[in-house]
Amino acid sequence: MYTQSFSVADQPGQPLRSVPPAEPADLLARFEARIDADGRIEPQDWMPQAYRKTLVRQISQHAHSEIVGMLPEGNWISRAPSLKRKAILIAKVQDEGGHGLYLYSAAETLGTGRAEMLDALHAGRAKYSSIFNYPTLNWADVGVIGWLVDGAAIMNQVPLCRCSYGPYARAMIRVCKEESFHQRQGYEALLVMMQGTAEQQAMVQDSVNRWWWKCLAMFGPPDADSPHSAQGVKWGIKRISNDDLRQKFIDATVPQAQVLGVTLPDPDLKWNEARGHYDHGPIDWDEFWSTVNGNGPCNKERLATRVKAHNDGQWVRDAALAHARKQQPRAMKEAA
Amino acid sequence: MTAALKDWPLWEVFVRSKQGLEHKHCGSLHASDARHALEMARDVYTRRQEGVSIWVVPSAQITASNPDDKGELFDPAADKIYRHPTFYEIPEAVGHM
């Protein structure tokens with residue numbers, strides 16, 4: 001996991017792209033030529049301020065999503081139904097932490113410090129994927145997050161492996177390699193539940209009903225309402241539009257739901273022979289934006305948990321640093 | 001004299017995936033010292049047996065060429081195509097050489 005497949009301004013009213021300062025024409029031309037030739041931009045290369053800013057925001061939001069994404073699943077580690085499922089869930093949550101690290105590192109290459117990014121998250125100035133502001137009510141939710149939420153994230157992250165910014169693209173390749181395990185373990189956990197009692201089957205269906213629409217919203221507003229997407233496409237940051245990614249996800253998921261034996265909660269969902277795709281009903285964007293803007297069921301709790309974890313870890317970071325400071329002169333003396 | 005540490009410094013991580021292969025750069029991380037960096041690198045980059053050996057190097061210790069100098073730095077090699085085997089035409093009768 002995980003990212004919102006679109007870039008939201010971190011604070012309401014904050015423009016996504018401020019008016020760029022005048023950039024040297026020759027450097028700009030060279031940059032654009034490289035982008036147009038599908039080349040990669042590396043940290044030391046000259047880049048327009050707006051490109052840098054957009055990437056810092058998108059990559060750091062992506063990183064924040066990874067580490068906040070550990071929380072809804074982390075809640076279930078102590079309640080996993082078996083030792084096997086517990087080990088799997090720990091491995092998955094650990095992966096998410098690692099994904100956060102890859103992404104923070106990629107963002108740091110753009111000149112923004114780790115502490116600065118964490119401060120923005122902890123102060124509530126930075127956004128993360130809205131999907132994590134919903135609660136995980138039962139064990140089936142853990143399976144559904146793997147299957148649908150990670151499934152949606154994979155759709156979105158695979159094209160990011162070809163992003164024009166080298167460090168981001170390389171981080172995404174690493175993330176995508178690990179992501180397949182996440183989706184498969186979730187789907188398999190649900191398969192097992194669907195072979196269980198009527199009550200267990202009902203839990204899976206209930207969970208799918210609660211998460212389906214939220215997963216569709218993860219791909220971001222319809223293309224017609226995403227004025228900033230065009231710049232992302234031009235810069236080679238965004239390769240596939242929100243609506244196209246959403247469609248790919250729906251087309252891939254419908255047959256998986258059939259095999260699993262659940263229905264997807266959309267009466268308008270049906271195969272369109274002419275388009276060669278599934279049609280779907282309208283998405284509730286008001287609910288989505290309300291959650292993005294801080295009013296989802298768990299926004300406050302997630303942020304508070306994240307801040308507490310960070311503060312509780314302060315003494316560990318301090319102790320490690322104190323130890324390193326003590327060792328430093330000793331090592332130098334031995335070397336002398 | 002090294003400046004006193006304020007934050008965990010940044011380290012570059014290189015992993016040898018298999019005996020006989022080279023170490024390859026795979027990412028970076030913050031750690032308080034070299035041993036700490038090694039342990040973190042193991043946890044982050046080799047959870048699925050991706051490596052048999054790890055190097056960590058303080059990022060500040062890496063000297064990199066400047067991309068703006070790319071032209072003059074690499075230019076001398078551009079017109080020396082005779083350094084490539086394909087520059088030479090060998091009769092077909094000779095076979096593989």
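The sequence lines fix the lettering, A, B, ..., with proteins before strands; numbering per chain opens at 1.
- Annotation: residues 14-22 of chain B contacts chain A through no residue [non-hydrogen atoms, separation under 4.5 Å].
- Of residues 84-97 of chain B, not one residue has a non-hydrogen atom less than 4.5 Å from any non-hydrogen atom of chain A.
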Tell me which donor-acceptor pairs under 3.5 Å the side chains of residues 29-38 of chain A have, and how far apart each pair is, sequence neighbours excluded?
| residue | atom | partner | partner atom | Å |
| --- | --- | --- | --- | --- |
| Arg34(A) | NH1 | Arg40(A) | O | 3.2 |
| Arg34(A) | NH1 | Asp45(A) | OD2 | 2.8 |
| Asp38(A) | OD1 | Arg239(A) | NH1 | 3.4 |
| Asp38(A) | OD1 | Arg239(A) | NH2 | 3.0 |

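- In terms of heavy atoms, Leu321(A) sits closest to Trp8(B) at CD1-CD1, 3.6 Å.
- Against chain A, the residues from residues 38-49 of chain B that qualify, each with a non-hydrogen atom under 4.5 angstrom away, are Asp43(B), Val44(B), Tyr45(B), Arg47(B), Arg48(B) in number order.
- Neither the backbone nor the side chain of Glu42(A) comes within less than 4.5 Å of any heavy atom of chain B.
- When side chains are defined from C-beta on, Asn66(B) does not count as touching Gln44(A), because their heavy atoms never get closer than 4.5 Å.
- At a 4.5 Å heavy-atom cutoff, the contact between Asp95(A) and chain B is made by backbone and side-chain atoms alike.
- Residue Ser32(B) comes nearest to Ala324(A) through the heavy atom pair O-CB, 3.3 Å, listed as atom of the first residue, atom of the second, then distance.
- Using a distance-only test at 3.5 Å, with no hydrogens or angles considered, no donor-acceptor pair links the side chain of Ser105(A) to the main chain of Leu29(B).
- Counting heavy-atom pairs under 4.5 Å between each of His323(A), Gln327(A), Arg114(A), Arg170(A) and chain B puts Arg114(A) at the top.
- Rounding to the nearest 0.5 Å places SG of Cys26(B) at 5.0 Å from CZ of Arg174(A).
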